[in-house]
There are 2 protein chains.
Amino acid sequence: MTTKTKAKSAQALPLNTILSGDCIEVMNSLPEASVDLIFADPPYNLQLKGELHRPDNSQVDAVDDAWDQFSSFAAYDKFTTEWLRAARRLLKPNGAIWVIGSYHNIFRVGASLQNEGFWILNDVVWRKSNPMPNFRGKRLTNAHETMIWASKEEGGKYTFNYEALKSLNEGIQMRSDWVLPICTGHERLKDANGDKAHPTQKPESLLHRILVGSTNPGDVVLDPFFGTGTTGAVAKMLGRDYIGIEREAAYREVAEKRLAKVRKYDREALQVSQSKRAEPRVPFGQLIERGMLRPGENLYSMNLRHKAKVRADGTLIGDDIKGSIHQVGAALEGAPSCNGWTYWCIKRDGKQVPIDVFRQQIRAEMADRPN
Amino acid sequence: MTTKTKAKSAQALPLNTILSGDCIEVMNSLPEASVDLIFADPPYNLQLKGELHRPDNSQVDAVDDAWDQFSSFAAYDKFTTEWLRAARRLLKPNGAIWVIGSYHNIFRVGASLQNEGFWILNDVVWRKSNPMPNFRGKRLTNAHETMIWASKEEGGKYTFNYEALKSLNEGIQMRSDWVLPICTGHERLKDANGDKAHPTQKPESLLHRILVGSTNPGDVVLDPFFGTGTTGAVAKMLGRDYIGIEREAAYREVAEKRLAKVRKYDREALQVSQSKRAEPRVPFGQLIERGMLRPGENLYSMNLRHKAKVRADGTLIGDDIKGSIHQVGAALEGAPSCNGWTYWCIKRDGKQVPIDVFRQQIRAEMADRPN
DNA sequence: TTCCGTCTTGAATCCAAGC
DNA sequence: AGCTTGGATTCAAGACGGA
């Protein structure tokens, strides 16, 4: 085993190929300090129990694959520490790593990263523009995943293309929260049956931003949990070299086909990375949370014929009618609908102040620093 | 010390006061299972070396940087584990905790939470609408902080006011990413010199959303790192009881003054939108007992594709299937479940009348004559 | 061809009361 | 404690089909 490792170390890196096998073993067989960036999407250890149905009775296709099952936190920690150690050995001194996860695993991954000597640069939140809702109404919509960006060690001269990310963000400094859609439509790879080829395929837009921001053309990017090869595909488009490691033959096959089709600097694919921006929706509740209105305060219709009291959750109560500013307005007017923003005002210093001015105020703040 | 602890345990909770001292000691002196919610904003400086025990690892040289780093992490982990354990002891079985942190400490906090038996419900991102920019352009703008919401244990029946949070968000399910401004302006407390009284004062909007969403009026909320008392201030406004613990006299003083000025919202304003689950259950059989439906009468599915006959005991029979309104509906639709109240209707005067209107009628009567 | 309504789907730790 | 039963619960996109 040692002989084999030594022999391989002398060899050149297997660039732009997908290696098969357990990622820890494979990584240990590659020459140390040879990789510029690692992107890793390890199993999340979701610990799902029963089935879950949508309100329309359809069943959610859960991630129940064997590769996501661990017997305990300790087992998961051991796995995490081992692959992180192997990954760190492969990194050049100025190399860096990105790891993505959810609340199920990311805290353990982050702690292991720190324990192993990585130096966290940022945690980055991928805010999904179209997440799956919480169907039972028992928790908050799980609308984001967390990525950790870390250098190999404290003081490492990691790559950060500040200006490139700034221009991706319309001239404003890129923030630690990125709004991007999940991977759907034609980008989502299907198997022979027409089912999704991989349960957790990441969007190319995410990798695009990561690779533009933290690698240069010609850099070597390694992905130890290659899956269907999103990292490789984006790396190839952007003129970076990739190395993929994947245990499952089915995923490797899909990834090979995908990569064969990818062209460097694919214009169309880069378009995907730009997220749309619409007029931000301002919930009325924000006016209460931000202290612009106080629970218990009265709102008046602009014609002063009706009034209603603001409650702590942003609903109104007036004459036995409870509901949103729109619902209560409509009910009081006997109208099918009502724009509460223009219907209601408050009295300040004897004057009527339409509540819409508060919304405009919040929108103005948001416009200062979009996205 | 033990005597004091025992004596205190027998006492009533020191509600709506700020306790001075080390939070671990103070928490251990309070009676167990007495608190509904804990909000914690722990310090994350890793400069705890020397104060606490070093890890038992004799073969590593003391001047090794990696060892220093590990030592520092180990000390922080020890501190975290201890205060979390004390906090968990204080929680009622159905209690919950919120902890806020940044990438410096949140991964260690999250892992400790899991190790100590808390059950993570969501991680929530506070996305700052006005963060401080990264001046040196070496990293992404650190524009968010992370909060972890966890129940005392797996299966705990934590409080979650789903409808209230949905209302705060204009009728759309609340997500795990919250856009709120940082604490500035008149809300930001100043000391005698006009400098900020506390370096990391949290905005009241953040606590408003947390307390509306995960507590009820009258609940006891504890904050072991009270600082300038944002948790207490919002708790008081919202008609919750608070207990603060703070080590620094200067912060306690600022907090006391602040809390003295806070007014509670009026009772009506504290009522929030309720889930349908909170409404009293009405057995279908009541509709027959009260003569709203006659045995032998036909019910029709809303799409008129199925029908079933009402029996005297409140069960249905249709196409060989017998059972409750829910069971028969589910069986006819081949669905895993079915809400019979919204599935079935009767025909009166040629019109379809959903049977749910009868349930609402009964509930209205119950509200008129409670108990 | 375009528009509009319907159907499908996504890393999910997703129920609670009563017997 | 464990089982049974009632009945509450979803948002944004893209695909697809019919007008």
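Naming: A, B, ... by sequence-line order, numbering from 1 per chain. No experiment lies behind these values; they were computed from the predicted model shown.
As judged by a 4.0 angstrom heavy-atom cut-off over every strand, B:Gln327 is placed among residues touching the sugar-phosphate backbone only. B:Pro280 comes within 4.0 angstrom of no nucleic acid atom, judged by non-hydrogen atoms across all strands. Using a 4.0 Å heavy-atom distance criterion, A:Gly101 is classed as making no nucleic acid contact.
Remark: the backbone N or O of A:Phe284 is paired with a side-chain donor or acceptor of B:Glu170 at under 3.5 angstrom. A donor-acceptor pair is defined here as one N or O able to donate and one able to accept, closer than 3.5 Å; no such pair exists between the side chain of A:Trp67 and the backbone of A:Pro43. Between the side chain of A:Arg252 and the backbone N or O of A:Arg247 there is at least one donor-acceptor pair closer than 3.5 Å. For B:Asp219 (side chain) and B:Asn216 (main-chain N/O), a donor-acceptor pair under 3.5 Å exists by modelled atom type.
Protein atom CH2 of B:Trp119 is 12 Å distant from nucleotide atom P of C:dC15, rounded to whole Å. Protein atom CG of A:Asn142 is 21 Å distant from nucleotide atom P of C:dT9, rounded to whole Å. We find that CG of A:Asn45 is positioned 15 Å from P of C:dA12, with the value rounded to whole Å.
Nucleotide D:dT4 is matched to C:dA17 when pairs are restricted to Watson-Crick or G-U wobble geometry with both distances under 3.5 angstrom.
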Can you tabulate the close N/O pairs, meaning under 3.5 Å, that link protein atoms to atoms of nucleotides 7-11 of chain D?
unit_1	atom_1	unit_2	atom_2	d
D:dG7	OP2	B:His326	NE2	2.5
D:dG7	OP2	B:Trp341	NE1	2.8
D:dG7	O3'	B:Asn339	ND2	3.3
D:dA8	OP1	B:Arg359	NH1	3.1
D:dA8	OP2	B:Asn339	ND2	2.8
D:dA8	OP2	B:Arg359	NH2	3.0
D:dA8	N6	B:Ser337	OG	2.7
D:dT9	OP1	B:Ser275	OG	3.3
D:dT9	O2	A:Phe135	O	3.2
D:dT10	OP1	B:Tyr162	OH	2.7
D:dT10	OP1	B:Lys166	NZ	2.7
D:dC11	OP1	B:Gln173	N	2.9
D:dC11	O2	A:Pro131	O	3.4

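If you look at A:Phe225 and A:Trp83, their ring centroids are closer than 6.0 Å. Between A:His198 and A:Tyr251, a ring centre-to-centre spacing shorter than 6.0 Å is recorded.
Residue B:Ser324 places none of its side-chain N or O atoms closer than 4.0 Å to OP1 or OP2 of D:dT5. For C:dA11, the OP1/OP2 oxygens have no side-chain nitrogen or oxygen of A:Lys196 closer than 4.0 Å.
Ranked by how close their nearest DNA chain C nucleotide is to the 5' end, A:Gln47 and A:Asp61 are led by A:Asp61.
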